Each structure stands twice: as structure tokens, then as C-alpha cells.
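Working notes, structure below.
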Amino acid sequence: MKRRKILVTGAKGQIGSELVPLLREKYGEESVISSDIKPREEGDAPYELLDVTDGKKLAEVVDKHNIGIVYHMAAILSAAGEKNPQLAWKVNVGGLYNVLEVAREKGLERVFIPSSIAAFGPETPRVNTPQDTVLKPRTIYGVSKVVGERLGEYYFWKYGLDVRGVRYPGIISSKTLPGGGTTDYAVEIFYEALKHRKYTAFLKPETRLPMMYMPDCLKATLMLMEAPLDNLKHHTDFNVAGMSFSVEELAMEIKKRIPDFEITYEPDYRQAIADSWPESVDDSAAREEWGWSPDYDLPSMVDDMLEKLRKKLGV
Ligand code: SER
């Protein structure tokens with residue numbers, strides 16, 4: 001039988017745009033179908049225009065390309081979700097349900113559904129947040145992530161569908177900007193530091209959140225997807241730690257390399273979201289069950305981000 005292919009939803013997003021080239025490099029160009037609601041870009045093939053809330057189209061794409069594995073990256077992030085909770089529910093829960101249903105009906109081999117530190121809430125222990133703990137998020141994004149974790153796990157126990165996922169921290173990357181998240185400041189700050197030598201943060205200086213550099217995000221995603229199923233006690237909700245820093249600490253680290261950089265603070269509605277999330281997470285389950293460990297800490301991430309963005313921006 002011909003080997004079944006991989007579908008990536010939300011392929012034009014922050015993570016999808018780096019995951020697709022990596023998967024194509026690993027499994028071959030033709031084996032990885034990228035899809036998004038945005039039009040195809042030059043050189044991006046095979047490609048499908050796909051809105052994940054359209055379950056019928058999703059099923060057609062899966063049939064057309066003989067899909068066996070889905071990386072379901074399409075989602076509305078935390079800050080954008082608070083602006084339009086109804087849309088966030090439709091995309092995050094409706095889209096996920098469509099993916100799981102298609103996977104069940106068509107007997108797909110494996111599905112990746114990302115969760116987030118947003119699954120936690122103000123009642124969760126904030127420092128070194130345990131793997132298995134209180135999940136009472138206050139954002140619609142967080143609510144949709146808890147639903148995703150539980151629903152994915154349900155499909156595993158009920159239908160034997162191999163569903164896997166990690167709780168991503170804030171992801172920092174140089175290729176594609178994140179859109180509509182609370183941790184977006186940690187990417188914007190680099191562009192502004194290089195272009196204008198100043199940045200106004202929308203969070204308070206002491207706000208500390210779990211973060212991860214893109215190479216570690218991709219590494220965690222592929223490591224979990226390749227882990228032997230028998231080793232997994234958890235499936236859809238692994239804590240994964242990269243680094244943890246406050247806004248002020250990131251600014252200081254940038255200032256060490258760009259001495260005239262200045263930061264000011266104008267916290268907005270996103271402060272309440274950040275305040276409801278952990279400062280750091282305990283990822284011992286991911287370490288034990290599939291050998292997780294990150295490569296980047298704060299200084300090495302800042303060095304690499306500045307090098308990549310200097311080239312990209314020509315500054
Ligand atoms: N980066 C995401 C957000 O801020 C967290 O998963 O919404």
C-alpha cells in the first residue's frame with residue numbers, strides 16, 4: 001500500500017509555517033500537504049485552501065491526498081479569542097471536532113492537537129505547575145484547549161485513535177509573526193528593538209511566563225509524534241518547558257546586545273490573561289515518557305533571534 005500522507009492545518013501560522021518545511025525535508029515534498037484559509041504562496045505545494053470549520057471539505061482533502069497523519073495547527077489565540085469568543089469556539093472546538101471525527105471515520109494513524117499553558121487558570125499552582133492539576137481557565141482560548149485535551153483523550157480511550165498533544169508555552173520565532181496571542185510581545189520586542197531601538201510592552205515588567213524558542217517547539221512536536229505509543233501514559237496534555245522569564249528580564253537581555261534599547265510599559269487587557277497563566281511548568285512527564293529536553297535558554301535564544309532578524313530585516 002502507498003504510504004499515507006501528512007496534512008498540516010493552519011500551515012501559514014507561526015508554527016505551521018516552520019513545521020511544514022521541516023516535515024517536507026524529513027518525509028519528502030509530496031508527502032506533506034499544507035493547508036490554511038490564506039491563499040497559497042509561491043512554491044508552497046501541495047497546498048489546499050481549507051477552513052477547518054468545514055468538515056466536508058476537510059474529509060475531501062483527507063480522501064484526495066490519502067492522508068494518514070494530521071498536525072492540526074489552525075486556531076484562534078488567546079487575545080484574539082477574547083475579542084470574538086464565538087469565533088474562537090467555532091474554530092478551536094468546531095475545527096478540532098471535525099479533525100477528530102474525520103480521523104475516526106477514516107481510521108487515520110495519528111493526530112497532533114496542540115494545547116497550551118492557557119489551559120491553566122488562576123487557581124492552578126503558578127510556579128512549576130504540575131502535569132496533572134487544576135484546569136479552570138478564564139479565557140475562551142483556554143476553555144477550548146481544555147476541551148481539546150479532554151476530547152482528544154476521549155477519542156483515544158473510546159475509539160483507539162492515536163491523538164497526541166503538548167501544552168505549548170509562548171513560542172518565540174523569527175520567520176512568521178504570531179497573531180493574536182498574549183505572549184506575542186516576546187516576538188514583537190525583537191523587531192522593535194532592531195528597527196526603532198524602543199518598545200512599549202502591553203504587559204507589566206514583572207510578568208513572568210513560560211516560553212520556548214521555535215527550534216525547541218518543533219523538536220517537541222516531532223519527538224512526541226515519533227514516540228512509541230506504549231511509552232505514553234498521557235496523550236494530549238504534556239507540559240513542555242523551554243525557559244521562563246519576565247518582560248523586564250527579556251528586555252535586559254536584549255539591552256546587553258543593543259545598549260540604546262529602551263522599554264516602556266503600558267499594560268492592557270492582556271495583562272489579566274497573563275496573570276491567570278503559570279510562570280513556569282513542570283515537564284517531568286514529557287521527560288520520562290518521551291525523553292523531552294529543550295536546547296535553548298534565554299541568552300542563547302536572544303543571540304539566535306537577533307542574528308536571524310538582523311539578516312531578515314537587513315539591519
Ligand atoms: N501563545 C499563546 C497565546 O498567547 C499561548 O498558547 O495565546
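Fair warning: this is a prediction, and the values are worked out from it, not measured in the lab. Every heavy atom of this structure was used, including side-chain atoms; hydrogens, water molecules and symmetry mates were not. When a residue number appears, it is its place in the shown sequence, counting from 1.
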* Structure fact -> Tested for side-chain hydrogen bond (donor to acceptor under 3.5 Å, both in side chains) against Lys12, the lone hit among Thr176, Asp36, Asp44 is Asp44
* **Heavy-atom donor-acceptor pair, Asn98 side chain to Val52 backbone, under 3.5 Å** => yes
* Asked: Between the main-chain N or O of Val93 and the side-chain N or O of Ser144, is there a donor-acceptor pair closer than 3.5 Å?
  -> no
* Asked: Is it the case that Arg270 places NZ or CZ above or below the six-membered ring of Phe202, under 6.0 angstrom from the centre and within 45 degrees of the axis?
  -> yes
* Okay, side chain of Ser35, backbone of Val8: is any donor-acceptor separation there less than 3.5 Å? -> yes
* Asked: Would you say Tyr191 has more than 12 foreign heavy atoms packed within less than 6.0 Å of its OH?
  -> yes
* NZ/NE/NH1/NH2 to OD/OE distance under 4.0 Å, Arg40 and Glu48 -> no
* To do: Taking the side chain as every heavy atom from C-beta outward, state whether Ile6 and Ile33 have any atom pair closer than 4.5 Å.
  => no
* Quick one: do Lys5 and Glu30 make a salt bridge, cutoff under 4.0 Å? -> no
* **Any donor-acceptor N/O pair, Arg24 side chain to Val32 backbone, under 3.5 Å** => yes
* Establish, from distance only, whether the side-chain atoms of Ser78 and Thr182 form a donor-acceptor pair under 3.5 Å. => yes
* To do: State whether a side-chain donor-acceptor pair under 3.5 Å links Tyr155 with Glu101.
  => yes
* Asked: If only atom types and distance count, is the side chain of Glu206 paired as donor or acceptor with the main-chain N or O of Ser246 below 3.5 Å?
  -> no
* To do: Report the residue from Phe112, Tyr154, Phe156 that forms a ring-ring contact (aromatic ring centres under 6.0 Å, His included) with His235.
  => Phe156
* Asked: Taking the six-membered ring of Tyr159 as reference, does the NZ or CZ atom of Arg104 fall below 6.0 Å from its centre and within a 45° cone about the axis?
  -> yes
* In terms of side-chain geometry, is the basic nitrogen of Lys256 or Glu253 positioned less than 4.0 Å from the acidic oxygen of its partner? -> yes
* Identify which one of Ile113, Val111, Val166 satisfies the side chain to side chain contact (heavy atoms under 4.5 Å, CB included) criterion when paired with Thr236. => Ile113
* **Residue pair Ser173 / Gln14, side-chain donor-acceptor N/O under 3.5 Å** => yes
* **Ile189 reachable from Leu298 in the ILVMFWY side-chain graph, under 4.5 Å edges** => yes
* To do: Mark yes or no for whether Ser276, through its side chain, and Ile273, through its backbone, hold a donor-acceptor pair below 3.5 Å.
  => yes
* State, yes or no, whether a side-chain contact exists between Arg167 and Glu149 at a heavy-atom distance under 4.5 Å. => yes
* To do: Decide whether Thr207 and Gln271 meet the rule of one side-chain donor and one side-chain acceptor closer than 3.5 Å.
  => yes
* To do: Run the salt-bridge test on Lys233 and Glu288 with the 4.0 Å N-O cut-off and return the result as yes or no.
  => no
* Would you kindly say whether Ser280 and Ser244 are connected by a side-chain donor-acceptor distance under 3.5 Å? => no
* To do: State, without any angle test, whether Trp290 and Asn231 hold a side-chain donor-acceptor pair at a distance under 3.5 Å.
  => no
* To do: Show the numbers, then the answer: is there a side chain to side chain donor-acceptor pair (under 3.5 Å) between Ser300 and Tyr213?
  => CA-CA 10 Å; Ser300 55; Tyr213 194 33; over 6 Å; no
* Asked: Hey, does the side chain of Asp303 reach the backbone of Leu306 with a donor-acceptor pair shorter than 3.5 angstrom?
  -> no
* **Lys204/Glu266 salt bridge by N-O under 4.0 Å criterion** => no
* Asked: So, Tyr269 and Lys83: side-chain donor and acceptor under 3.5 Å apart, yes or no?
  -> yes
* Check: Thr200/Thr264 side-chain N/O donor and acceptor closer than 3.5 Å -> yes
* Under 3.5 Å, is there a donor-acceptor pair between the side chain of Asn92 and the main chain of Ala75? -> no
